[in-house]
Number of protein chains: 2
Amino acid sequence: MSRHDELRAIALAEFATAGFAATSLQRIADLAGMSKASVLYHFESKDRLLAEIVNPALDDLDTLIVSIDQAGALRHGDFVERFVDLLLTHRQVVPLVINQGATLDDVPVMHRATLLMRRISELFRLASGSTLEKLRFGVAFGGVAYTLAAAERLGLNGEIPIDEVRSALLEILHDLLVPAESRIA
Amino acid sequence: MSRHDELRAIALAEFATAGFAATSLQRIADLAGMSKASVLYHFESKDRLLAEIVNPALDDLDTLIVSIDQAGALRHGDFVERFVDLLLTHRQVVPLVINQGATLDDVPVMHRATLLMRRISELFRLASGSTLEKLRFGVAFGGVAYTLAAAERLGLNGEIPIDEVRSALLEILHDLLVPAESRIA
DNA sequence: CACGGTACTGACCGATCGGCCAGGTATCTG
DNA sequence: CAGATACCTGGCCGATCGGTCAGTACCGTG
């Protein structure tokens, strides 16, 4: 792993656990065994460092949204599976966006995250009218995302195998969303 | 409303939306139309200000947990209803604890929040063994709490009447938890 | 050997932070 | 009137922050 990628990994771990604002460039430098100035040699600013960490996950999310959009009709089953896989793939980035997105909305990359999440919620709001339906989707996707984000902190996960988590999340989302889907149709 | 309470309300709104770390005492003072030194006259430190804001909600949560504990057996229906009411009562505090709890765990009052949330998760983990059950509870409670926290940011709520939100959340939680309960029994 | 780019560093900068302190003012009480 | 108390203030402090810059060591290439 290049020094550049190593720094990105260190920063991601710190941003996700301690928070972006609470993680100083000095601390990242210490963990990497180099000087703060060296960190700023690899990444021209702290915001750019955050952007390089978060953007790959947002790119995937964007791709997913576009493909759903182009499909014309919403097929919940497909979306759910791809969404869960996306969350699991970018497991470390999820707490960053979920927990600190609101706070860091003035940082461009985090604003992008907010916009993407809003597009998802609007995507489903169009297909579901009642308050119950809206909240059902909110609880479903928010709950899955937040559970992944909070799992470590609250001791929820332990050492559960990922594929077991995956199938469990898929079943839960299916329970929550499929009755809603049938009600629309 | 006393000047003291007014300051607390202003700080709560800022902490919840912009974040604790990102909200300076100077900004709170500006919003209240007084000097930073005056804010520190009313609250001996920034951490104490946060504690005075968060502790009432945590006191209620503590009371709820103790009463569940003493009841011996878990009665999900009762807990769910009281939990939702608690979240709705302390609606503004929820995003603060949910989104910034992990980041601010070195602040005593936030550590208390983490411990209480962990007790809730353990309370239910004892009664439910499989990964699916664990995650079901995680998604349910995390989803409800996070939905309330993120509602404003993602434009999920709009101007939905509170009692409508309440009944919808109760139904969703019932759907998620009651099948689990029957499976245990 | 000389050279140019890459990686890295210490020293420094201005800004902002939470917090402290001496002192001012207004109101109430004896 | 004198004193006590509550409320508020400007000015200051040390610490830390993100970021800049001139300079250094190392490197493969001509």
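In the text below, chain A, chain B and the rest are named by the order of the sequence lines, each starting its count at 1. All values below come from the heavy atoms of this structure, side chains included, with hydrogens, waters and symmetry mates left out.
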Checklist entry - In Å, rounded to the nearest 0.5 Å, how long is the span from OG of A:Ser167 to NE2 of A:His174? => result 13.5 Å
Checklist entry - Can you tell me how far CG of A:Asp105 sits from CG of A:Leu115, rounded to the nearest 0.5 angstrom? => result 7.5 Å
Item to check | Residue pair A:Leu64, A:Leu86: steps toward the side-chain contact (heavy atoms from CB on, under 4.5 Å) verdict | outcome: CA-CA 9 Å; A:Leu64 175 56; A:Leu86 190 150; 4.1 Å; yes
Checklist entry - Relative to A:Phe20, does A:Lys46 satisfy both conditions: NZ or CZ under 6.0 angstrom from the six-membered ring centre, and within 45 degrees of the ring's axis? => result yes
Checklist entry - Between A:Asp60 and A:His90, is any side-chain donor less than 3.5 angstrom from a side-chain acceptor? => result yes
Checklist outcome for this item: Heavy-atom closest pair (A:Met117 atom, B:Tyr146 atom, distance to 0.1 Å) is CE-OH, 3.6 Å
Next on the checklist: Categorize A:Thr23 for me: base, sugar-phosphate, or nothing, with a 4.0 angstrom heavy-atom threshold over every strand shown.
Outcome noted: sugar-phosphate
Next on the checklist: Among residues 48-57 of chain B, which ones have heavy-atom contacts with DNA chain D below 4.0 Å?
Outcome noted: none
Checklist entry - Hey, what's the ring geometry for B:Phe141 with B:Phe83, parallel, tilted or perpendicular (30° and 60° as the breaks)? => result perpendicular
Next on the checklist: For a quick check under 3.5 Å, do B:Ser67 and B:Arg82 share a side-chain donor-acceptor pair by atom type?
Outcome noted: yes
Item to check | Interatomic distance, B:Leu25 atom CG to B:Leu7 atom CG [nearest 0.5 angstrom] | outcome: 10.0 Å
Next on the checklist: Below 4.0 Å from chain A heavy atoms, what is the first contacting nucleotide of DNA chain C and what is the last?
Outcome noted: C:dT6 to C:dG10
Checklist entry - For residues 36-46 of chain A, which residues have at least one heavy atom under 4.0 Å from DNA chain C? => result A:Ala37, A:Ser38, A:Tyr41, A:His42
Item to check | Smallest separation among heavy atoms of A:Val139 and B:Ala140, with atom names | outcome: CG1-O, 4.3 Å
